[in-house]
Number of protein chains: 2
Amino acid sequence: MQLSCIIIIVMKIINPLEVERKLKLLGCRQTKTRTEILKILNCPQPFSALEIKQRLSYCQIVVNKTTIYRELAFLLQKNIINEVVFKDGIKRYELKLEKHSHHLVCLSCHQIKRVVLENVLIKQEKQISQQLNFKIIDHSLEFYGLCDCCSKKHF
Amino acid sequence: MQLSCIIIIVMKIINPLEVERKLKLLGCRQTKTRTEILKILNCPQPFSALEIKQRLSYCQIVVNKTTIYRELAFLLQKNIINEVVFKDGIKRYELKLEKHSHHLVCLSCHQIKRVVLENVLIKQEKQISQQLNFKIIDHSLEFYGLCDCCSKKHF
DNA sequence: TTATCTGCAAAATATTTGCAAAGCA
DNA sequence: TGCTTTGCAAATATTTTGCAGATAA
């Protein structure tokens, strides 16, 4: 019999010092932009490049969009962040965790909640690889609906 | 005990006459562009607006890109097609089926195989709605990896 | 005949590239 | 000092909008 799955809501992500240590280990420089972008991404919700730019400007930090796109490409390549795409087709970024995560996207307020579902799709992935000879490397699973707050508002 | 899941590979989609009847029922006109776009979408693989434009031009049919985008928005609104987004952030379109479908995206040859997985995520969706008060309306589940052909090439 | 559909030009939005200047170690 | 990072301008890609003219029923 299958165990019921475990849902973990991702709340706070990571100790900033841990990321800094990892960057130093990889021989990367520690710049203001890099530190500030990582601070913003240390959050349970993924952000797009332009959302990051906007959030930086809230803190009086003006960074060119090109720099942000390049910094995100850099962090992606260093395996420090993930890229996720939802139905709107915009690329969003979040800190990489040990466990693969999924998302609950509210169709009303557009808030995104990051969750970890344990023991999910294991059987299906095995079946797909066995029956269709498709070697699965990764998957994306996102749920769309109404968050607690919005579903109460709608009725 | 949970039954093993059933995988259905979507091969041919639908009788074109069925779509035409549905369009007539909805009071829509039958135009050359509409017919041709639906012919292209009658395929196990979703296509982007510009891929459709390209495929039309292969058949000597020249249609403005604006028309294609508008036609897709029209068919979407009439519930005849689905919009799907993969990791590249490009919107792709496919004929709507009774059953929700998922996709196997080959990271090497970029072929997309449409599949129907029965009895998948039912338990997880129930748990998410009960434990997190998130009312799920829809989900997207896509697998990325190597198709049979490409995984053989890689070794 | 008339509501629907289409093409063209231009705009909006997200992302990328080249090059020269600035800055961290 | 030298390599990495940054800003600016311009290019590219996808998608959207306004308007005038064409077309299916």
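Below, chain A is the first sequence line, B the second, and so on; all start at residue 1.
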Please determine whether a side-chain nitrogen or oxygen atom of [X] lies at a distance below 4.0 Å from atom OP1 or OP2 of [N].
| X | N | result |
| --- | --- | --- |
| A:N64 | D:dC8 | yes |
| A:T66 | C:dT15 | no |
| B:Y69 | D:dT16 | no |
| B:T31 | C:dT4 | no |
| A:R34 | D:dT5 | yes |

Please confirm whether any donor atom in the side chain of B:R29 sits under 3.5 Å from an acceptor in the base of C:dT4, or the reverse. yes
Using only modelled atom types and a 3.5 angstrom limit, is any donor from either the side chain of B:K65 or the base of D:dT15 paired with an acceptor on the other? yes
Verify same cluster id: A:I7, B:I136 (apolar side-chain graph, 4.5 Å): yes
Measure the acute angle between the ring planes of B:H139 and B:H100, then classify it against the limits of 30° and 60° as parallel, tilted or perpendicular. perpendicular
CD1/B:I52 to NZ/B:K39 distance, rounded to the nearest 0.5 angstrom? 14.0 Å
Taking 4.0 angstrom as the limit, do A:R34 and A:E71 come out as a salt bridge? yes
Rounding to 10 degrees, work out the angle separating the end axes of the helix from C:dT1-D:dA25 to C:dA25-D:dT1 (five pairs an end). 30°
From [atom1] of [X] over to [atom2] of [N], roughly how many Å is that when rounded to an integer?
| X | N | atom1 | atom2 | value |
| --- | --- | --- | --- | --- |
| B:I68 | C:dT6 | CD1 | C1' | 11 Å |
| A:F86 | C:dA14 | CZ | C1' | 17 Å |
| B:F74 | D:dA24 | CZ | C1' | 13 Å |
| B:R70 | D:dT14 | CZ | C1' | 16 Å |
| B:I52 | D:dT15 | CD1 | C1' | 14 Å |
| B:L75 | C:dT4 | CG | P | 16 Å |
| B:K53 | C:dT6 | NZ | P | 14 Å |
| B:L76 | D:dT15 | CG | P | 12 Å |

Is the Lys NZ or Arg CZ of A:K113 less than 6.0 Å from the centre of B:F134's six-membered ring, within 45° of the axis? no
Is it the case that the side chains of A:H103 and A:Q45 hold a donor-acceptor pair, with the cut-off being a distance below 3.5 Å and no angle test? no
Earlier contact from the 5' end, DNA chain D, for A:K32 and B:I90: A:K32
Shortest non-hydrogen contact from A:V85 to B:G89? CG1-CA, 3.9 Å
Of the options D:dT17, D:dT5, D:dT6, whose atoms approach the side-chain atoms of A:T67 most closely? D:dT6
What's B:T33 touching, base or sugar-phosphate or nothing? Going by heavy atoms closer than 4.0 Å. sugar-phosphate
For A:S101 and A:R114: C-alpha separation, side-chain torsions, deciding distance, then whether side-chain hydrogen bond (donor to acceptor under 3.5 Å, both in side chains) applies. CA-CA 7 Å; A:S101 53; A:R114 190 175 180 186; 2.8 Å; yes
